[in-house]
Engineer: 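Just dropping this structure here.
Naming convention: chains lettered A, B, ... in sequence-line order (proteins, then strands); numbering from 1 in each chain.
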Amino acid sequence: MSEHRYDPREIEPRWQALWARERTWEVVNLEEGASPGAARANEPPSSYVLEMLPYPSGEPHIGHLKCYSLGDAIAHFHRRLGKRVLHPMGYDAFGLPAENHAIRTGVHPRVSTAESIAEFQRQFREWGISIDWSRELATSEPSYYRWTQWIFLELFKAGLAYRREAAVKWCPNDQTVLANEQVDAEGRCERCGCLVEVRQLEQWFLRITDYAERLLADLDVIDWPEHVKTMQRNWIGRSEGAEVTFRCEDFDPAHPVDYPVFTTRPDTLFGATFFVMAPEHPDVLRLAEGTDHEQAAREYVNKALNETNEERGDTEKPKTGVPLGRTVTNPVNGERIPMFVADYVLMEYGTGAIMAVPAHDERDYEFAVTFGLPIRQVIEPLDGDAELPYMGDGVLINSNPQFDGMNNREALAAIVAWLDREGKGHASVNYRLRDWLVSRQRYWGCPIPVVYCDTCGIVAVPAEQLPVELPEIEDYAPRGRSPLASAEDFLNTSCPSCEGPARRETDTMDTFVDSSWYFLRYCDARNDEVPWDAGALAEWMPVDQYIGGVEHAILHLMYARFFTKALADLGHLEFQEPFQALFTQGMVTKDGAKMSKSRGNVVSPAALVQRVGADATRCYTLFIGPPDQDADWSDKGVEGVHRFLGRLWRLAAETAERTGGPAPGLDSPPPAEGDELALLRKTNWAIDKVSTDLRRFAFNTAIAAVMELVNEISRLRDAVSLEALRFAIGTAGSLLFPFAPHTCADVYEQLTGERVWEQPWPEAEEELLEREVYELVCQVNGKVRDRVQASAEATPEQLKDLCRGAPNVIAHLDGKELVKEIVVPGKLVNLVVR
RNA sequence: GCGGCGGUGGCGGAACGGUAGACGCGGGGCCCUCAAAAGGCCCUGUCCGAAAGGGCGUGUGGGUUCGACUCCCACCCGCCGCACCA
């Protein structure tokens with residue numbers, strides 16, 4: 001019937017051109033220097049909507065499209081609620097993949113990264129994402145990393161960045177050090193999958209452990225998904241307990257050596273029957289020296305250190321270890337207990353040494369059984385019988401008259417107090433979190449801005465000399481040291497302090513450093529005097545809504561929180577948390593599997609945009625299911641959404657034709673009845689539903705609600721006034737705009753000649769959300785037996801009468817005794833019979 | 001092992017303790033057409049029944065309730081995170 005054809009390939013570029021020409025989505029900061037409170041008094045509230053910045057590699061995939069569609073819907077919604085919205089974009093442009101690609105192909109990482117960025121930009125525009133391009137940045141630009149370096153030096157000066165030799169995770173393939181977080185459970189490199197080795201190297205660390213307690217505590221004040229908070233809590237791994245000192249007097253009683261241990265169970269101290277050190281413990285070989293076990297200990301330590309994490313971390317393998325031929329004294333009872341070295345004790349947790357209580361710890365029990373060591377039970381369950389090892393609560397036995405008979409929880413506190421008084425220990429808290437290793441022996445990263453001088457030591461490059469620019473080099477292949485070390489011009493410099501000859505640091509920073517502060521830079525992206533203006537931050541930060549994948553639940557999100565707190569402590573920020581609210585989107589899979597080139601199941605956004613348009617593709621990624629859950633891609637599904645958008649668009653085109661072209665305004669028609677009223681009701685129902693759903697991120701049901709409205713419009717199109725039709729279609733376009741901006745801008749313009757994004761978000765009329773008659777559900781014993789028309793004003797008594805009079809209810813009441821009647825006004829009546 | 005999330009038609013998924021299966025996909029029938037594409041209309045959990053209607057149905061088994069996908073207890077299965085963390 002219609003010659004109107006829905007053609008996204010014509011519609012979408014037309015609107016994109018307008019938004020680009022008019023710079024529709026740019027926001028300008030309020031006047032700088034003005035006091036933030038005063039400047040904002042007459043301004044609408046601000047909203048900072050941010051999706052995690054992409055790593056530009058190749059071209060964007062469907063997961064990017066989902067993420068930015070999600071953020072865009074929120075940004076549009078906030079704008080139309082009257083807020084000033086900051087919605088910027090940038091690129092996490094340093095990193096190993098670009099460098100590895102360069103080593104393979106010879107194309108400089110800067111070139112391949114720039115190409116990829118250009119493709120991302122092109123597609124983001126083609127998707128119609130409402131980005132403020134005036135603030136665009138790439139972390140690999142000197143104008144950006146200058147400030148990354150500045151932040152590093154601020155941390156360095158505050159003692160939060162430091163150098164130390166450490167046993168570090170080394171990837172033999174990538175030829176670089178990795179952070180603990182970048183090594184997976186099997187001891188494999190997160191990026192290339194090869195087995196990681198341990199090496200002793202001097203490295204740069206950031207003191208994130210100083211912030212463990214605050215990173216943990218402040219999780220309570222942010223609006224993040226509970227599972228992400230839980231992951232962070234687990235990662236921080238706080239344990240309460242005590243540090244207890246065991247003394248070794250085997251060498252010279254006059255000069256004893258103290259070995260503190262951390263334990264969460266000081267109540268079991270009387271059950272300690274031996275003592276174990278980690279193979280990495282610096283004293284292990286010295287202790288064994290001169291004993292019968294010297295040779296065995298040396299061999300054991302060598303073997304343990306050469307084992308991969310995978311081999312060593314296997315909890316299934318039997319416990320191994322070697323005696324050291326020495327003893328330590330248990331401070332609570334003066335017993336001398338034997339020392340061992342065993343690989344089940346980890347150097348990086350606690351003090352690298354433990355007291356072993358086999359009766360009440362599974363691992364110690366296993367070790368004791370293997371080596372025939374004594375097992376002394378010191379806690380008895382209330383029913384008296386325990387299978388060892390027993391980890392539960394109970395009453396202290398075999399300990400000391402002072403504590404025997406006490407409940408173990410009380411005893412724990414009493415023993416810690418006693419240790420404290422005696423100077424043999426104290427209450428203590430331990431964290432699993434390690435300091436963040438940030439140096440990388442690679443080329444394509446932000447240079448660490450320090451200089452080594454033989455007279456002055458480690459010297460910070462003065463702020464006015466920043467950035468320390470990444471030099472051009474020929475050969476960036478890794479050889480176990482940074483490729484920068486062979487760039488003589490870069491390496492050799494003069495000391496900023498004494499002006500004598502000096503060498504530059506040649507390591508670069510972990511790319512997670514770059515992305516730990518980019519959200520700050522967007523607030524004032526073009527400032528080349530300072531990293532940000534305080535007023536600009538006051539205006540936008542913290543981010544109101546952050547959006548990204550759960551894969552960043554620990555690393556990126558923890559590091560960004562750490563940076564924020566550290567910078568706040570240094571007086572540079574006035575808030576403690578960068579991301580007030582977080583939404584983690586689920587993955588888009590294909591045939592149940594993660595999309596990957598090797599599987600050949602990659603869905604290309606560019607091809608989809610060609611076929612069905614950006615709007616259909618965007619809508620479908622959000623319609624497919626709850627956006628925080630993983631969802632499987634269906635080509636048929638996206639076509640369904642395309643058909644739906646076409647139906648809406650054609651309805652608008654036909655209606656505009658019937659009204660003789662656009663007419664300004666979209667007022668609700670006057671009260672009506674019959675179909676006219678039904679359509680009006682449905683329209684208001686949709687306004688209410690979509691508004692509610694947008695606030696709770698239920699985008700799938702929001703889109704479904706507009707589909708329902710459009711179905712209703714199609715059904716009633718010939719039965720209602722043009723005015724009602726126009727209102728319903730225009731409202732459908734208005735409500736769907738955050739998801740399908742091009743199509744809806746077009747729908748709205750055809751009907752009104754106006755720009756939908758400049759219109760306030762529609763508001764439902766209360767009286768149209770209520771019905772004066774409804775279908776009363778009539779139940780007998782909880783089963784639906786009939787439905788009858790009921791008036792909204794009917795009293796409970798009248799509703800009961802209606803129900804009892806319903807034909808099919810009568811049939812089920814026959815001969816039974818009515819014992820109870822439940823009335824839920826507006827819903828149902830339930831008759832209970834016997 | 002610990003922690004978290006989930007299990008609903010052929011499929012993706014809806015459902016403040018109150019009509020289970022909205023919306024979409026797929027399937028079936030029909031209209032438009034010379035035909036096709038596009039578009040439109042109707043049906044579609046399952047079993048019995050010509051129909052009216054009825055039985056059964058949200059992983060399993062219990063419980064609370066007039067009423068349970070929803071709340072409680074126990075269990076099974078799947079996914080994710082952490083894991084020799086003292």
Engineer: Look at all strands and tell whether A/Lys319 reaches a base, only sugar-phosphate, or nothing, counting heavy atoms closer than 4.0 Å.
Structural biologist: base

Engineer: Considering every strand and a 4.0 Å limit on heavy-atom distances, what is the contact class for A/Gly350: base, sugar-phosphate, or nothing?
Structural biologist: nothing

Engineer: Regarding A/Gln779, tell me which of base, sugar-phosphate or nothing describes its non-hydrogen contacts under 4.0 Å with the strands shown.
Structural biologist: base

Engineer: May I ask you to check whether A/Asn430 and A/Ser239 show a side-chain donor-acceptor distance below 3.5 Å?
Structural biologist: no

Engineer: Over all strands shown, is A/Asn830 touching base, sugar-phosphate only, or nothing at heavy-atom distances under 4.0 angstrom?
Structural biologist: base

Engineer: I'd like to know whether A/Asp615 forms a salt bridge (charged side-chain N to carboxylate O under 4.0 Å, His left out) with A/Arg618, so could you lay out the CA-CA distance, the side-chain angles of the two residues, the decisive distance to 0.1 Å, and finally the verdict.
Structural biologist: CA-CA 5 Å; A/Asp615 281 348; A/Arg618 292 177 56 162; 5.1 Å; no

Engineer: Any base atoms under 4.0 Å from A/Ile624, or only sugar-phosphate, or nothing? Heavy atoms, all strands.
Structural biologist: sugar-phosphate

Engineer: With a 4.0 Å cut-off on heavy atoms, is A/Arg785 in touch with a base, just the backbone sugar-phosphate, or nothing at all?
Structural biologist: sugar-phosphate

Engineer: Under a 4.0 Å N-O cut-off, is there an ion pair linking A/Glu708 with A/Lys689?
Structural biologist: no

Engineer: Starting the side chain at C-beta, find the nucleotide from B/U19, B/A22, B/C85 nearest to A/Val777.
Structural biologist: B/U19

Engineer: Sort out the partner of B/G24 for me: Watson-Crick or G-U wobble, both distances under 3.5 Å, none otherwise.
Structural biologist: B/C11

Engineer: Pick base, sugar-phosphate or nothing for A/Arg647, based on heavy-atom distances below 4.0 Å to the nucleic acid.
Structural biologist: sugar-phosphate

Engineer: Rounded to whole Å, please give me the gap between CD in A/Gln629 and C1' in B/A14.
Structural biologist: 12 Å

Engineer: Can you tell me how far P of B/G24 sits from CG of A/Leu709, to the nearest Å?
Structural biologist: 12 Å

Engineer: Using whole Å, report how far CZ of A/Phe644 lies from P of B/A22.
Structural biologist: 17 Å

Engineer: Can you sort out which residues in residues 797-812 of chain A have a heavy atom within less than 4.0 Å of RNA chain B? Ascending by number, please.
Structural biologist: A/Asn808, A/His812

Engineer: Does the side chain of A/Thr701 come under 3.5 Å of the side chain of A/Asp693 through a donor N or O and an acceptor N or O?
Structural biologist: yes

Engineer: Please output the side-chain donor-acceptor pairs of residues 261-269 of chain A that fall under 3.5 Å, not counting sequence neighbours, one pair per line with the distance.
Structural biologist:
{"from": "A/Thr263", "atom 1": "OG1", "to": "A/Arg265", "atom 2": "N", "distance (Å)": "2.9"}
{"from": "A/Arg265", "atom 1": "NE", "to": "A/Asp267", "atom 2": "OD1", "distance (Å)": "3.1"}
{"from": "A/Arg265", "atom 1": "NE", "to": "A/Asp267", "atom 2": "OD2", "distance (Å)": "3.3"}
{"from": "A/Arg265", "atom 1": "NH2", "to": "A/Asp267", "atom 2": "OD2", "distance (Å)": "3.0"}
{"from": "A/Asp267", "atom 1": "OD2", "to": "A/Asn408", "atom 2": "ND2", "distance (Å)": "3.0"}
{"from": "A/Thr268", "atom 1": "OG1", "to": "A/Arg265", "atom 2": "O", "distance (Å)": "2.8"}

Engineer: Between B/G24, B/C82, B/C56, which nucleotide gets closest to the side-chain atoms of A/Met707?
Structural biologist: B/G24

Engineer: Would you call A/Glu712-A/Arg715 a salt bridge at under 4.0 Å N-O?
Structural biologist: yes

Engineer: For A/Lys636, report the nucleic acid contact type (base, sugar-phosphate, nothing); a contact means any heavy atom under 4.0 Å.
Structural biologist: sugar-phosphate

Engineer: A/Arg432 side chain: which of B/U19, B/C84, B/A83 is closest?
Structural biologist: B/A83

Engineer: Using a heavy-atom cut-off of under 4.0 Å over every strand shown, decide if A/Val832 touches base, sugar-phosphate, or nothing.
Structural biologist: sugar-phosphate

Engineer: Closest-nucleotide mapping onto RNA chain B: is A/Arg363 or A/Ala704 further toward the 5' terminus? I mean the 5' end.
Structural biologist: A/Ala704

Engineer: Using a heavy-atom cut-off of under 4.0 Å over every strand shown, decide if A/Val345 touches base, sugar-phosphate, or nothing.
Structural biologist: base

Engineer: Would A/Arg561 and A/Trp224 count as a cation-pi pair here, with the cationic atom under 6.0 angstrom from the ring centre and within 45° of the axis?
Structural biologist: yes

Engineer: Which is more 5' along RNA chain B, the nucleotide nearest A/Val824 or the one nearest A/Thr351? Just name the residue.
Structural biologist: A/Val824

Engineer: Rounding to the closest angstrom, what is the interatomic distance between B/G67 and B/C30 at atom P?
Structural biologist: 47 Å

Engineer: Base, sugar-phosphate, or nothing for A/Val784, non-hydrogen atoms under 4.0 angstrom?
Structural biologist: sugar-phosphate

